[in-house]
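For reference, the structure is listed below as structure tokens.
Excluded from the calculations below are hydrogen atoms, water molecules and symmetry mates; all remaining heavy atoms, backbone and side chain alike, are included. Ligands are counted one by one from 1 in listed order, and the atoms in each one are counted from 1 as well.
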Amino acid sequence: MSENKGIILGIESSCDDTSASVIKDGKILSNLIARQAIHEQYGGVVPELASRAHQQNIIPVVEAALKEAGVSKEELTGIAFTAGPGLMGALLVGVSFAKSLALSLDIPLIQVNHMQGHILAHFIQKPNEQKKVPTFPFICLTVSGGHTQLVKVSDYFEMEILGETLDDAAGEAFDKMAKVLGFPYPGGPLIDKYAKEGDATRFHFTHPRTTEYNYSFSGLKTQFLNFIRKCERDDPDFVEKNNADICASIQDTIIKTLFSKLKKVADDLNINQIAIAGGVSANSHLRNELQKLGEKKRWDTFIPEFQYCTDNAGMIAMAGYFHYLNQDFVGQEVTANPRMKF
Ligand code: KG4
Ligand code: ZN
């Protein structure tokens with residue numbers, strides 16, 4: 001082992017995924033995620049159930065991550081955990097676990113901002129992998145269930161939010177519209193799946209208008225709901241008959257909206273390193289369109305591997321590693337911060 005680069009355990013529990021990851025000398029050795037199916041039937045994440053499921057999952061997930069990495073607890077040189085933003089009860093499970101493990105092993109504790117973790121996922125490499133990574137400064141469009149942000153990343157921890165959603169996040173818009181269509185939570189991946197067979201030009205929705213680099217999705221959600229209700233009045237089987245075209249049309253509207261501001265910010269700042277991050281960056285249409293747009297605009301585009309798009313501890317371990325190199329540690333008084341900012 002290279003003494004100064006450490007072996008860090010990353011822990012993520014901000015929402016409904018319990019995840020643990022091990023990073024050694026800056027290379028990810030394992031990334032395990034326990035998803036919580038319990039929320040599907042409720043149409044969204046139930047905070048109390050999420051925190052209970054984290055309590056059940058955390059020890060087995062950590063043990064499995066250590067085992068897969070071939071690392072024992074005693075070899076760890078740091079514990080990184082998500083401090084926020086996220087659900088208070090969910091975060092507390094990860095924070096408390098990380099604190100007690102760090103205390104018992106007498107090793108440093110590293111707090112990570114979840115949104116910075118999503119962005120720093122672009123630096124994840126496996127052993128013997130030499131992937132092209134973004135160079136600073138780059139723009140990252142971070143799109144998840146709770147956030148939609150355009151971030152200028154000038155260094156690992158020098159990040160500036162240039163624009164964000166004024167109401168619903170893009171993932172939330174996907175999930176709420178999916179709920180209108182009768183899909184279980186989270187509906188975003190199902191819209192993606194059905195849209196593959198559909199015609200995106202079939203139904204037209206007005207693109208939300210906002211100032212500068214900000215977004216707004218709540219009006220689109222209402223427009224969509226009214227549209228479906230009206231069509232169902234005329235034909236009760238409307239959704240069933242037109243499922244694929246509806247999904248393709250609404251997905252395309254969300255993605256065009258996301259890209260309109262991304263293009264503007266990249267042009268205005270004259271930056272050609274463009275990344276996407278967060279759960280919605282798993283969307284196949286978003287990934288394909290970014291690739292095409294990047295070729296047209298001569299951008300270097302960065303699209304995370306699927307396992308590092310939605311919530312995962314690999315990104316927390318990666319961010320933890322950069323903090324570790326800076327010796328940026330926290331004490332046992334640290335606690336969860338549901339509204340943590342950069
Ligand atoms: O980053 P993430 O796992 O959790 C948060 O921090 O919020 O993002 C979850 C969000 C959900 O809204 C989910 O529907 C969306 O990401 N999502 C997708 C896809 N995969 C996940 N949305 C559209 N298409 C997908 N393929
Ligand atoms: Zn997230």
Legend entry - ILVMFWY cluster, L262 and L220 together (side-chain gap under 4.5 Å):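 Hydrophobic grouping puts L262 with L220.
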Is it the case that ligand 1 has an N or O less than 3.5 angstrom from some N or O of [X]?
X    : result
H118 : yes
G171 : yes
G145 : yes

Should you measure from each heavy atom of [X], which atoms of ligand 1 turn up under 4.0 Å away?
X    : result
A282 : 20 (N), 26 (N)
T310 : 3 (O), 21 (C)
P186 : 14 (O)
G146 : 7 (O)
H114 : 6 (O)
S144 : 1 (O), 5 (C), 6 (O), 7 (O), 8 (O)

Legend entry - The single option from D167, D168, V180 passing side chain to side chain contact (heavy atoms under 4.5 Å, CB included) against K221: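 In the set D167, D168, V180, the residue that makes a side chain to side chain contact (heavy atoms under 4.5 Å, CB included) with K221 is D168.
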Legend entry - Sole residue of D268, L269, D267 in side chain to side chain contact (heavy atoms under 4.5 Å, CB included) with V265: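 Of the listed options, the one satisfying the test is L269.
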Inset, instruction - Starting from Y42, walk the hydrophobic network (Ile, Leu, Val, Met, Phe, Trp, Tyr; side-chain heavy atoms closer than 4.5 Å) and list everyone else you reach, by chain and number. - result: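 Noted: Y42 shares its cluster with I38, V46, L49.
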Could you find the nearest protein heavy atom to [atom] and give me its residue, atom name and distance?
atom                    : result
atom 17 (N) of ligand 1 : G279 O, 3.6 Å
atom 24 (N) of ligand 1 : N283 ND2, 3.0 Å
atom 13 (C) of ligand 1 : D175 OD1, 3.8 Å
atom 22 (N) of ligand 1 : G188 CA, 3.6 Å
atom 6 (O) of ligand 1  : D311 OD1, 3.2 Å
atom 26 (N) of ligand 1 : D192 OD2, 2.9 Å

Inset, instruction - Measure the distances from the heavy atoms of C15 to every atom of ligand 1 and state whether one is below 4.0 angstrom. - result: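 So C15 does not count as touching ligand 1.
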Inset, instruction - May I ask you to decide if S72's main-chain N or O and E75's side chain share a donor-acceptor pair within less than 3.5 Å? - result: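 Flag set: sc E75 to bb S72 pair under 3.5 Å.
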Legend entry - Parallel, tilted or perpendicular: ring planes of F157 versus F322, cut at 30 and 60 degrees: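 Answer is perpendicular, since the angle exceeds 60°.
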Inset, instruction - Would you mind telling me if ligand 1 is within reach of the side chain of Q251, the backbone, both or neither, using heavy atoms under 4.0 Å? - result: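 Looking at Q251 and ligand 1, no heavy atom falls under 4.0 Å.
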Inset, instruction - Just grab all the ring-ring contact (aromatic ring centres under 6.0 Å, His included) pairs involving residues 238-259, residues at least two apart or on different chains. - result: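 Listed by first then second residue: F203-F238, F227-F238.
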Legend entry - Residue pair L105 / L101, side-chain heavy-atom distance below 4.5 Å: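 L105 vs L101: side chains touch.
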Inset, instruction - Start with the C-alpha gap between T257 and H207, add the side-chain angles, then the distance that decides, and say whether side-chain hydrogen bond (donor to acceptor under 3.5 Å, both in side chains) holds. - result: CA-CA 6 Å; T257 303; H207 286 258; 3.1 Å; yes
Legend entry - Salt-bridge contact R202-D245 (side-chain N to carboxylate O under 4.0 Å):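 A salt bridge links R202 with D245.
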Legend entry - Under-4.0 Å salt bridge between E63 and K67: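 No, this pair does not count.
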Using atom types as modelled, flag every donor-acceptor pair under 3.5 Å from a side chain in residues 286-294 to any protein atom, sequence neighbours excluded.
{"residue": "R287", "atom": "NH1", "partner": "S281", "partner atom": "O", "Å": "2.8"}
{"residue": "R287", "atom": "NH1", "partner": "P304", "partner atom": "O", "Å": "3.2"}
{"residue": "R287", "atom": "NH2", "partner": "P304", "partner atom": "O", "Å": "2.7"}
{"residue": "N288", "atom": "ND2", "partner": "S284", "partner atom": "O", "Å": "3.3"}
{"residue": "E289", "atom": "OE2", "partner": "K292", "partner atom": "NZ", "Å": "3.0"}

Inset, instruction - With E12 as reference, evaluate N31, T18, T82 under the side-chain hydrogen bond (donor to acceptor under 3.5 Å, both in side chains) test and give the passing residue. - result: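 Passing option: T82.
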Inset, instruction - Would you check, one step at a time, whether the test side-chain hydrogen bond (donor to acceptor under 3.5 Å, both in side chains) holds for D300 with Q273? - result: CA-CA 5 Å; D300 276 343; Q273 301 281 300; 2.9 Å; yes
Inset, instruction - At a cut-off of 2.8 Å, list the protein N/O/S atoms near the Zn ion (ligand 2), residue plus atom name. - result: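 Counting only protein N, O or S atoms under 2.8 Å from the Zn ion (ligand 2), the list reads H114 NE2, H118 NE2, D311 OD1.
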